[in-house]
Visitor: 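One structure coming up, written as structure tokens, with questions to follow.
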Amino acid sequence: MPSSPSAIKKKFETLFGHMPQMFFAPGRINLIGEHVDYNNGFVMPAAIDKGVWFAVAPNATDKVHVYSADMDEYLQVPLSGIKKMSGWENYILGVVDQFIKNNYPISGFDAVFGGNLPVGAGLSSSAAVECGLAFALNTIFKSGISKVNIALLCQEAEHSFPGVQCGIMDMFASMMGEKGKVLLLDCDTLGYETLPFAAGSHSIVLINTNVHHSLAGGEYNKRRNEAEEGLRIIKQKYPSVKTFRDMSPQQVKELKNHFKENVYKRCLFITEEIQRTKQAAGFLKKNNLQAFGELMFETHEGLCKLYEVSCGESDFLVEQAKLHIEIIGARQMGGGFGGCTINIIQKENAENIISSITKSYKEKFGVAAEVYEVALSSGTGEIALH
């Protein structure tokens, strides 16, 4: 399947017989700030150098023609007939639906898309598809939507067509990322600042457990409900509190007897993680990557013991990471119950260390763990092909 911009462009020309404009939307990682995007906290995502390429052009009709290079499947639908379907089509149709509902200028178009993001690894391939298409349509039809509003449009698209009640982080990072930098995003106000990530002699390496737990969706919603229940109790005791960011972990501990045990653990994790993310931003500003990495290990401990969204496979990879002083920070990344661990590792001898960890993983679980080294990239935009 095509997995380069030139291959995507060539496929477009073969299918549609005219010249497209080219766009790239990156996937994302989140360095720290897990499960706090829907709890009004702070997160620290970054766009990465893997993502989705789009070739797009108007076609002077009222029809949408889209070819998924990765799936080798074709979608054709009139603009007047946009409705929910199944699979990847919903990520395309949800975006088109938002353009129509918001009265943004749009007419028929042709598109081919494909990428190099591993599916199911928690790198937000769905957000990349939505952001890439929305940015392309905004450009070719001169809709004049700001990048932040494109991110919000894509979040609404995912809520309405695929039906995933995601936070804003994935779309925001894909749209607003900056090369070599991370975003400190306030999920309450959408205010953000860019922070330098001076990797220097370190690399960011993702290790995919290749575990997909069927319970994850229900468990994710359960965590949201437990967090909401906890916040209601906190507000009764502290009427001035609006969100978890107004609370300290110490205050949660003082209220321990007022919570069910699970709800207490969720509230403690959330307040600690918000605090950790703010601390982490301070360490990055001082270029103290070692201290930053220690906080990543702490986050994993919290995800495992307090938020309980880890799994044996992720825990094993993080414990293996701790055996190597060259790995200064590691944790499970994403919603949980599988997916990737994110590791900050010294480049020297990295290959041997990762090889040793994945070998141990295969011996214990009988599953091959995939490894991806990623670099911090710019957000969604148009690309020129010479």
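Only heavy atoms go into these numbers, but all of them, side chains included; no hydrogens, no water, no symmetry mates. Along the sequence shown, the residues carry numbers beginning at 1.
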Visitor: Can the ring centroids of Phe23 and Phe54 be said to lie less than 6.0 angstrom from one another?
Guide: no
Visitor: Within 45° of the ring axis of Tyr67 and under 6.0 Å from its six-membered ring centre, is that where the NZ or CZ of Lys11 lies?
Guide: yes
Visitor: To the nearest 0.5 Å, tell me how far Asn208 CG sits from Tyr372 OH.
Guide: 4.0 Å
Visitor: Can you name the ring-ring contact (aromatic ring centres under 6.0 Å, His included) partners of Phe42, sequence neighbours left out?
Guide: none
Visitor: Considering non-hydrogen atoms only, spot the tightest contact between Thr380 and Gly132 and give its length.
Guide: CG2-CA, 4.2 Å
Visitor: Is Arg223 salt-bridged to Glu308, going by a charged N under 4.0 Å from an acidic O?
Guide: no
Visitor: Does a sphere of radius 6.0 Å around NZ in Lys364 hold more than 12 heavy atoms from other residues, nucleotides or ligands, not counting ones at 6.0 Å or beyond?
Guide: no
Visitor: Evaluate the salt bridge (charged side-chain N to carboxylate O under 4.0 Å, His left out) criterion for residues Lys285 and Glu193: first the C-alpha distance (whole Å), next the side-chain angles of each, then the deciding distance (0.1 Å), finally the verdict.
Guide: CA-CA 11 Å; Lys285 287 172 182 175; Glu193 59 179 310; 3.6 Å; yes
Visitor: Would you say Tyr264 and Val252 make side-chain contact, with heavy atoms under 4.5 Å?
Guide: yes
Visitor: Would you check, one step at a time, whether the test salt bridge (charged side-chain N to carboxylate O under 4.0 Å, His left out) holds for Glu13 with Lys10?
Guide: CA-CA 5 Å; Glu13 290 164 356; Lys10 187 176 178 184; over 6 Å; no
Visitor: In Å and rounded to the nearest 0.5 Å, what is the CE to CD distance from Met71 to Glu89?
Guide: 8.0 Å
Visitor: Holding to side chain to side chain contact (heavy atoms under 4.5 Å, CB included), I want the full list of residues that pass it with Pro196, two or more places apart in sequence or in another chain.
Guide: none
Visitor: Determine whether more than 12 heavy atoms belonging to other residues, nucleotides or ligands lie under 6.0 Å from atom CD of Glu370.
Guide: yes
Visitor: Between Asp70 and Ser68, do the side chains contain an N or O donor and an N or O acceptor separated by less than 3.5 Å?
Guide: no
Visitor: Considering residues at least two apart in sequence or located in another chain, which fulfil the side chain to side chain contact (heavy atoms under 4.5 Å, CB included) criterion with Asp246?
Guide: Val241, Lys242, Thr243
Visitor: Strictly below 4.0 Å, N to O, side chains only: are Lys84 and Asp97 in salt-bridge contact?
Guide: no
Visitor: Check whether any side-chain heavy atom of His324 lies under 4.5 Å from a side-chain heavy atom of Ile345, and answer yes or no.
Guide: no
Visitor: Got a sec, which residues hit ring-ring contact (aromatic ring centres under 6.0 Å, His included) with Phe365, two or more places apart in sequence or on another chain?
Guide: Phe316, Tyr361
Visitor: Within this structure, what is the NZ-CE distance for the pair Lys9 and Met19, rounded to the nearest 0.5 Å?
Guide: 4.0 Å
Visitor: With a 4.0 Å cut-off on N to O distance, would you call Glu229 and Arg232 a salt bridge?
Guide: no
Visitor: Within the supplied structure, the quantity of interest is the number of heavy atoms (other residues, nucleotides, ligands) at a distance under 6.0 Å from Glu363 CD; does it exceed 12?
Guide: yes
Visitor: For the ring pair (Phe, Tyr, Trp, His ring centres under 6.0 Å) test, which of Phe269, Tyr307, Phe244 pairs with His35?
Guide: Tyr307
Visitor: Who pairs with Tyr104 by ring-ring contact (aromatic ring centres under 6.0 Å, His included), at least two apart in sequence or on another chain?
Guide: Phe99
Visitor: What's the separation between atom CG in Asn30 and atom CG in Asp170, rounded to the nearest 0.5 Å?
Guide: 8.5 Å
Visitor: Can you pull the ring-ring contact (aromatic ring centres under 6.0 Å, His included) pairs that have at least one residue in residues 147-172, sequence neighbours excluded?
Guide: Phe172-Tyr192
Visitor: For the residue pair Asp188 and Arg245, establish whether any side-chain heavy-atom pair is separated by less than 4.5 Å.
Guide: yes
Visitor: What I want to find out is whether Glu34 reaches Arg331 closely enough, with some N-O distance under 4.0 Å, to be called a salt bridge.
Guide: yes
Visitor: Taking all non-hydrogen atoms of both residues, which atom of Ser314 and which atom of Ser310 are closest, and how far apart?
Guide: CB-OG, 3.9 Å
Visitor: So which atom in Ala198 and which in Asn287 form the shortest heavy-atom distance, rounded to 0.1 Å?
Guide: CB-OD1, 3.4 Å
Visitor: Testing the basics here: between Met171 and Cys166, what is the closest heavy-atom pair and its distance to 0.1 Å?
Guide: CE-SG, 3.7 Å
Visitor: Centre-to-centre under 6.0 Å for Phe12 and His18, is that the case here?
Guide: yes
Visitor: Does the side chain to side chain contact (heavy atoms under 4.5 Å, CB included) test come out yes or no for Thr209 and Val367, once each step is laid out?
Guide: CA-CA 8 Å; Thr209 61; Val367 175; over 6 Å; no
